[in-house]
There are 2 protein chains.
Amino acid sequence: MTVHNGATAPEGGKARRIYLLLRDEIMGGTHAPGQALPGELKLAETHGVSRVTIRRALDALVGDGLVERRAGSGTVVRQPSSTPVQLKADFATLMPQLQRMADETTARLLSFAYVAPPPPVSEALNLQAGERVQRAVRLRLASDKAFSHLTTYVPERIAQSYSEADLASTPLFRLLERRGVHIDHARQTVSAVLATPETAEALETTVGAALISLMRVVYDTDGAGIEYLSALYRPDRFQLELTLNRVGGGDDRHWEPVLTGAAQRAAQ
Amino acid sequence: MTVHNGATAPEGGKARRIYLLLRDEIMGGTHAPGQALPGELKLAETHGVSRVTIRRALDALVGDGLVERRAGSGTVVRQPSSTPVQLKADFATLMPQLQRMADETTARLLSFAYVAPPPPVSEALNLQAGERVQRAVRLRLASDKAFSHLTTYVPERIAQSYSEADLASTPLFRLLERRGVHIDHARQTVSAVLATPETAEALETTVGAALISLMRVVYDTDGAGIEYLSALYRPDRFQLELTLNRVGGGDDRHWEPVLTGAAQRAAQ
DNA sequence: AAAATTTGTATTTTAAAAAATACAGGATGC
DNA sequence: GCATCCTGTATTTTTTAAAATACAAATTTT
């Protein structure tokens, strides 16, 4: 009962589909490390494509370091020693963590300008028609590897209270609070998006790769929007984590997020 | 220097890539409803493809009912007749919410079996070699629309303490606690993945679409793994939210997640 | 040692996707 | 009205992906 498809969506190359499928099966554990995959001929048959196509998919998997091929023997799933997630952030204490990360990672400013806000930004920050925003696009790197692509929007009137240099040395929130802005609360939303040509290039990945998307809006005590942040993360280099404890007894037994004291104290 | 890509991944049709990208941007609000998209020629230029290719991508968007084309005028994003994000879950209080959602949404069991655990499951639950698990794949629907694809793994010895019928009527945790299992804590990880042929079909979306991925492992007081959950969500129908408050004063000023009943469902 | 199976490589053919191009016709603004 | 900017449509050419083969070389099995 698909709602879709008065016109069918372009389906895209078979090699790629099979590559994604096999990758998924390997990462999902359907094919255990050390285990041999079905032979190329067998794969070609079960997927209804030619061996050449299977071959191209496997080539890509080799390129990803997921499998190893041995002539005459077969194709084997590699031990996943290669790709642990580098960075993990606790979702509940995400804000202070991100600030700490600022000390431990490098940032590169990709663009900085005052522009007309995109509609969703304008709406989220409740801007007046014609009001402009400062837009900064940053790339965050850990051990020379990009893992995060950040775009921030701050209303012009607020952004003007500090300089680009201030921003480089001091967290935004410190700057704002010194200027008398009363930060009150923030709303965060996590989603998933595909890498666009721009973000793919910045994050050193391929167009169409899945990225974690985090949207954050910060408000002051009057409920006015102060900052709109759109962050994109490479899932193989960054993940959001949350630990929950089962607390209470009887009918009141429920889950509660763990707020690590360390993270809280480091908060600024 | 990239770890990846000794051989590049097959990129799959350009038309399809652009279709997915534009769809993502429209649903993400980059192009507001009622607003005109850039002209076909402009799009062709910015994406580095021919107009024909852009055209095929747009054809698919029309087929999905996302945009409307008017000869001579332009291509306009349609008013989302029925496409705001349907469900929102507060991340910090996600667990009880999911349980409540179980009452308010429909579930369809796609498969139920006792199988050998995939390596990541075996590792996360710290299973002994040869130990089997109960695997259940469920599809969760709200107003007849699938928004979540769930795969749960429970060690066989634990799973046997309840029946399939029990599971249908009572939350898993209740069942387990009645049976003397002492649930202690859980670890959750959020990431992003691409839809595979199977998940795409189940979630009524296209292969290669971006999905929110949530992995959860539940432990008992001894630190033994009890349940491994892998959940996939359509980002246009489900999102994770978290509200933070800025509390304390002076050097102790920091962020704190809002736990009180901020947990909301849908709204719209 | 021989046979069978598997990956590696190359060539040719076929099919599909993308590009390049041209022009018709609706919509809009001056 | 007229210029301009847009989508609609059609044709041709180029490029790319996939398929169909064939055979060599490495490995395992018998």
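Chain naming here is simple, since letters A, B, ... match the order of the sequence lines and numbering starts at 1 in each. All values below were derived from every heavy atom in this structure, side-chain atoms included, with hydrogens, water molecules and symmetry-related copies excluded.
D:dC6 atom C1' lies 16 Å from atom CD of B:E45, rounded to whole Å. The NZ atom of B:K14 sits 8 Å away from the P atom of D:dA17 (whole-angstrom rounding). For B:L43 and D:dC5, the CG to C1' distance is 14 Å, given to the nearest whole Å. Nucleotide D:dG8 holds its P atom 12 Å from the CD atom of B:E68, rounded to whole Å. Atoms CG (B:L61) and P (D:dT7) sit 13 Å apart, rounded to a whole Å. Rounded to whole Å, the distance from CZ on B:R56 to C1' on D:dT16 is 12 Å.
Within a 6.0 Å radius of CD in A:E123, no more than 12 heavy atoms belonging to other residues, nucleotides or ligands are found. For CD of A:E201, the number of neighbouring non-hydrogen atoms (other residues, nucleotides, ligands) closer than 6.0 Å is 12 at most.
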Distances for protein N/O vs nucleotides 11-14 of chain D N/O pairs under 3.5 angstrom?
none

Protein N or O to nucleotides 4-8 of chain C N or O, pairs below 3.5 Å:
{"from": "C:dT6", "atom 1": "O2", "to": "A:G72", "atom 2": "N", "distance (Å)": "3.4"}
{"from": "C:dT7", "atom 1": "OP2", "to": "A:E40", "atom 2": "N", "distance (Å)": "3.0"}
{"from": "C:dT7", "atom 1": "O4'", "to": "A:G72", "atom 2": "N", "distance (Å)": "3.2"}
{"from": "C:dG8", "atom 1": "OP2", "to": "A:R55", "atom 2": "NH2", "distance (Å)": "2.2"}
{"from": "C:dG8", "atom 1": "OP2", "to": "A:R69", "atom 2": "NE", "distance (Å)": "3.4"}
{"from": "C:dG8", "atom 1": "O5'", "to": "A:R55", "atom 2": "NH2", "distance (Å)": "3.3"}
{"from": "C:dG8", "atom 1": "N7", "to": "A:R51", "atom 2": "NH2", "distance (Å)": "2.8"}
{"from": "C:dG8", "atom 1": "O6", "to": "A:R51", "atom 2": "NH1", "distance (Å)": "3.1"}

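At D:dA17, none of the side-chain N or O atoms of A:T53 fall inside 4.0 Å of OP1 or OP2 (strictly under the cut-off).
Taking a cutoff of 4.0 Å between a charged side-chain nitrogen and a carboxylate oxygen, A:E45 and A:R51 do not qualify as a salt bridge. Between B:R237 and B:E204, at least one side-chain N (NZ, or NE/NH1/NH2) sits under 4.0 Å from a carboxylate O, which counts as a salt bridge. Under the 4.0 Å criterion applied to side-chain N and carboxylate O atoms, A:R69 and A:D59 are assigned as salt-bridge partners.
Side-chain atoms of A:R132 never come within 3.5 Å of backbone atoms of A:R157 as a donor-acceptor pair (strictly under, hydrogens ignored).
The side-chain contact (heavy atoms from CB on, under 4.5 Å) test with B:L110 singles out one residue from B:L150, B:T151, B:L139, and that residue is B:L139.
Using the six-membered ring where Trp is involved, A:Y153 and A:Y228 have ring planes that are perpendicular, over 60° apart on the 30 and 60° scheme.
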